[in-house]
Every structure is written in structure tokens, then in C-alpha cells.
Amino acid sequence: MASKITFIGAGNMAGAIIGGLIESGVSPSDITATAPNESELAPLKARLGIHTHTDNSAAVNGADVVVLAVKPQIMRGVCEAMRDSVQQQSPLVMSIAAGLDANTIDQWLGGGNALVRCMPNTPSLVGIGASGLYANAAVSDAQRTLATQLMEAVGIVEWVEEERLLDAVTAVSGSAPAYFFLMFEAMEEAAVKLGLPAETARRLAIQTALGASTMAQRSDKDPATLKQNVMSPGGTTERAIAHMEDAHLRTIIADAMQACAERADAMSKELSGND
Ligand SMILES: NC(=O)C1=CN([C@@H]2O[C@H](COP(=O)(O)OP(=O)(O)OC[C@H]3O[C@@H](n4cnc5c(N)ncnc54)[C@H](O)[C@@H]3O)[C@@H](O)[C@H]2O)C=CC1
Ligand SMILES: O=C(O)[C@@H]1CCC=N1
């Protein structure tokens with residue numbers, strides 16, 4: 001992928017994707033990242049060897065892809081300030097912001113832009129990301145391929161043909177690393193109560209999640225069958241799972257994901273001025 005990629009914003013998510021891209025063989029010299037302060041950029045430049053800039057408009061010059069990686073709440077100001085550069089350069093614009101619709105961002109950038117919305121997640125940092133992508137009508141087949149290549153460098157990619165489905169992607173993968181981290185916290189706390197040292201409990205819980213994920217990915221059996229295979233009749237797992245079902249864990253997860261998707265939709269309306 002010999003394309004010049006500029007990241008507007010150099011925080012958690014941009015850092016995760018940049019780290020993954022370099023890990024996958026993209027040359028650091030093809031990557032630029034921006035932030036308002038040199039103090040935030042200097043460690044990134046030193047660690048990864050990428051170009052950095054505090055001027056967004058200047059950083060857009062020469063870019064084939066511009067990844068918008070600032071917080072949704074400041075996206076409007078950031079886009080409007082670099083509108084002229086984007087219009088002149090006509091790069092593929094990729095927004096990773098939660099809940100900001102493609103049309104709104106396109107308008108903030110002057111209109112007529114080829115725009116891909118992407119919902120990534122932080123495991124992109126270790127090359128095991130999961131991203132949902134949506135393209136507006138101005139995106140060419142070649143640009144779709146480029147967006148796919150970019151995000152496949154840091155994990156798996158699923159395209160959605162309806163933009164509203166990105167809210168569901170946010171609920172199932174964008175925000176979801178945090179659900180699993182919560183699970184690790186809870187399992188560690190519970191194991192400590194059962195007498196294990198915290199460090200031992202953490203290592204066992206994390207390794208078990210990795211093992212379960214890897215098994216689920218490689219197996220031709222569905223998760224329900226894999227679960228059943230752990231549950232000996234009258235045994236220990238059956239008791240634990242019964243507790244989770246009785247406590248309505250499925251409903252808790254469904255409600256949490258519904259709240260997540262609704263928040264993405266509400267943010268979009270608030271920030272585009274359509275609420
Ligand atoms: N953190 C996550 O797990 C995920 C985040 N996202 C989206 O990614 C975007 C970024 O989120 P995070 O990386 O978590 O935020 P962050 O706060 O870590 O990073 C934001 C970056 O924007 C920079 N910035 C602020 N003002 C700027 C300006 N005027 N010009 C250029 N850069 C500027 C900051 O210096 C910082 O580097 C958000 O829109 C969020 O919705 C999407 C999926 C997952
Ligand atoms: O919490 C958020 O708003 C962002 C979007 C998905 C993950 N983090």
C-alpha cells in the first residue's frame with residue numbers, strides 16, 4: 001500500500017492504527033500525524049519515526065488518505081478550518097469518529113468529498129482490530145480497496161451498505177473492548193475473593209479469554225455448542241452459567257449495546273445540529 005496517509009489527531013485511536021500499520025510493514029515515512037501541540041507529537045515521532053505537524057491544512061497536502069481522528073465534539077471546527085486544503089487535494093477522507101454521519105462531515109469539508117466512515121477499535125494496536133466501514137456515493141472502487149487495505153493492516157474489516165448500521169458496529173466492536181476489560185476486572189476481583197493472588201488471577205482470566213476467542217475463531221462449532229462442551233452435566237460450569245442466566249446477563253448485554261447504539265445516534269443528531 002504505497003499511499004500517503006495523514007492522521008488528523010494523534011491520540012489513542014490514531015496511535016493504535018498507526019502502530020498497527022507500521023507493524024504490518026507500512027513505511028513510517030508515508031505516515032503523518034497532527035495535534036495542536038508539539039509536546040504530544042514528539043514522543044510519537046521519536047517512537048515510530050512518522051512525520052508530524054501542528055498545522056492540519058499543511059499536513060493534508062500530498063495525502064492520498066486523510067484520517068479524521070479527533071473527538072466528535074471538535075470535528076466541525078477542525079474540518080471547517082482545513083476545508084480549502086481538502087477541496088484542493090481531493091484525498092479519500094476517512095472519519096473514525098463515533099456517531100458523526102458522512103453527509104455532515106462532507107458538508108463541513110465543503111461537499112463532494114469521497115468519504116469513508118470507519119468504526120475501528122483499540123486492539124488495532126496489536127493487529128487484532130475489528131472495523132466496520134461505510135462509503136458514501138463519491139467513493140470509487142479503488143478508494144474502497146484502499147480503505148480496506150488500510151484497516152486490514154490492523155485487523156478484520158466488515159463493510160456495511162447502510163450507514164445507520166455503523167451504530168450497531170460501534171456497539172458490537174468499537175466500544176466492546178471495554179466490555180471485555182470490565183469482565184477481566186470483575187473476574188480478577190472475584191478470584192481474589194476466592195483466595196488467588198491478583199496477578200495470577202489476571203493472567204489466567206486474560207489467557208482464558210484469548211483461548212476462548214481463538215477456539216471460537218478456528219472452530220466450525222457455534223459459540224453455544226462450544227459453551228455446552230465446557231458444561232459437564234451437574235458440574236461446575238453449569239452452576240456458573242445458570243447464575244449468569246438467572247441474573248439476566250443476556251438482557252444486561254442487550255440493554256448496554258442498545259444504549260451504546262442510541263448514544264451514537266444521539267451524538268450524530270446533536271453534533272450535526274439536527275436534534
Ligand atoms: N478510543 C476508542 O476506543 C475509539 C475511538 N473512536 C473515535 O476516535 C476518535 C478519537 O478518539 P481517541 O483517539 O480516543 O481520542 P484522543 O483524545 O485520545 O485523541 C484525540 C486527538 O486529537 C488531537 N486534537 C485535538 N484538537 C486537535 C486539532 N484541532 N487538530 C488536530 N488534532 C487535534 C488531540 O491532541 C489528540 O491527539 C473519536 O472521534 C472517537 O469517537 C472510534 C473507535 C474507538
Ligand atoms: O466511547 C466512545 O465514544 C468511542 C467510540 C467507540 C469507542 N470509543
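Note that ligands are numbered from 1 as they come in the structure, with each ligand's atoms numbered from 1 the same way. Start at 1 with the first residue, then count along the sequence.
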Next on the checklist: Heavy atoms only, cut-off 4.0 Å: how does Asn56 contact ligand 1, side chain, backbone, both, or neither?
Outcome noted: side chain
Item to check | Within 6.0 angstrom of Tyr179 OH, more than 12 heavy atoms from elsewhere | outcome: yes
Next on the checklist: Below a 4.0 angstrom heavy-atom separation, can you tell me which part of Met75, side chain or backbone, both or neither, approaches ligand 1?
Outcome noted: neither
Checklist entry - Of the options Met119, Glu158, Met94, which is the one that meets Met151 in a side chain to side chain contact (heavy atoms under 4.5 Å, CB included)? => result Met94
Checklist entry - Got the closest protein heavy atom to atom 23 (C) of ligand 1, with its distance? => result Gly9 CA, 3.8 Å
Checklist entry - Does ligand 1 have a heavy atom under 4.0 Å from the side chain of Val78, from its backbone, from both, or from neither? => result side chain
Checklist entry - Name the one of Ile105, Asn103, Leu109 that satisfies side chain to side chain contact (heavy atoms under 4.5 Å, CB included) with Gln107? => result Asn103
Checklist entry - Any idea which protein heavy atom is nearest atom 34 (C) of ligand 1, and the distance to it? => result Glu40 OE1, 3.6 Å
Next on the checklist: Can you report which non-hydrogen protein atom sits closest to atom 41 (O) of ligand 1, along with the distance?
Outcome noted: Ala98 N, 3.0 Å
Item to check | Taking atom 19 (O) of ligand 1 as the reference point, the nearest protein heavy atom with its distance | outcome: Gly11 CA, 3.2 Å
Item to check | Which residue and heavy atom of the protein sit nearest atom 7 (C) of ligand 1, plus the separation | outcome: Ile96 O, 3.2 Å
Checklist entry - Relative to atom 10 (C) of ligand 1, which among Ala10, Ala69, Ala97, Gly99 owns the nearest non-hydrogen atom? => result Ala69
Checklist outcome for this item: The closest protein heavy-atom partner of atom 4 (C) of ligand 1 is Met13 SD, 3.6 Å
Next on the checklist: Quiz question: by atom type and distance under 3.5 Å, do the side chains of Thr170 and Asp167 form a donor-acceptor pair?
Outcome noted: no
Item to check | For Ser140, all residues meeting side-chain hydrogen bond (donor to acceptor under 3.5 Å, both in side chains), sequence neighbours excluded | outcome: Gln143
Next on the checklist: Using side-chain contact (heavy atoms from CB on, under 4.5 Å), reason through Val86 and Arg83 one step at a time and then give a plain yes or no.
Outcome noted: CA-CA 5 Å; Val86 171; Arg83 178 188 341 211; 6.0 Å; no
Checklist entry - Identify the closest protein heavy atom to atom 1 (N) of ligand 1: which residue and atom is it, and at what distance? => result Thr122 CG2, 4.1 Å
Next on the checklist: Looking at Asp222, I want to see if its CG is surrounded by more than 12 non-hydrogen atoms of other residues, nucleotides or ligands under 6.0 Å.
Outcome noted: yes
Item to check | Minimum non-hydrogen distance to atom 43 (C) of ligand 1, winning option of Gly174, Gly132, Pro120 | outcome: Pro120
Next on the checklist: Using heavy-atom distances only, which candidate in Ser95, Pro36, Ala81 approaches atom 28 (C) of ligand 1 most closely?
Outcome noted: Pro36
Next on the checklist: Please work out, at 4.0 Å between heavy atoms, whether the side chain, the backbone, both, or neither of Ile74 comes within that distance of ligand 1.
Outcome noted: side chain
Item to check | Check: Lys71 N/O within less than 3.5 Å of ligand 1 N/O | outcome: yes
Checklist entry - Just checking, any donor-acceptor pair under 3.5 angstrom between side chains of Asp101 and Ser268? => result yes
Checklist entry - Tell me: protein heavy atom nearest atom 9 (C) of ligand 1, and distance? => result Val70 O, 3.5 Å
Checklist entry - Taking any residue with a non-hydrogen atom under 4.0 angstrom from an atom of ligand 2, which ones do you get? => result Ala98, Gly174, Ser175
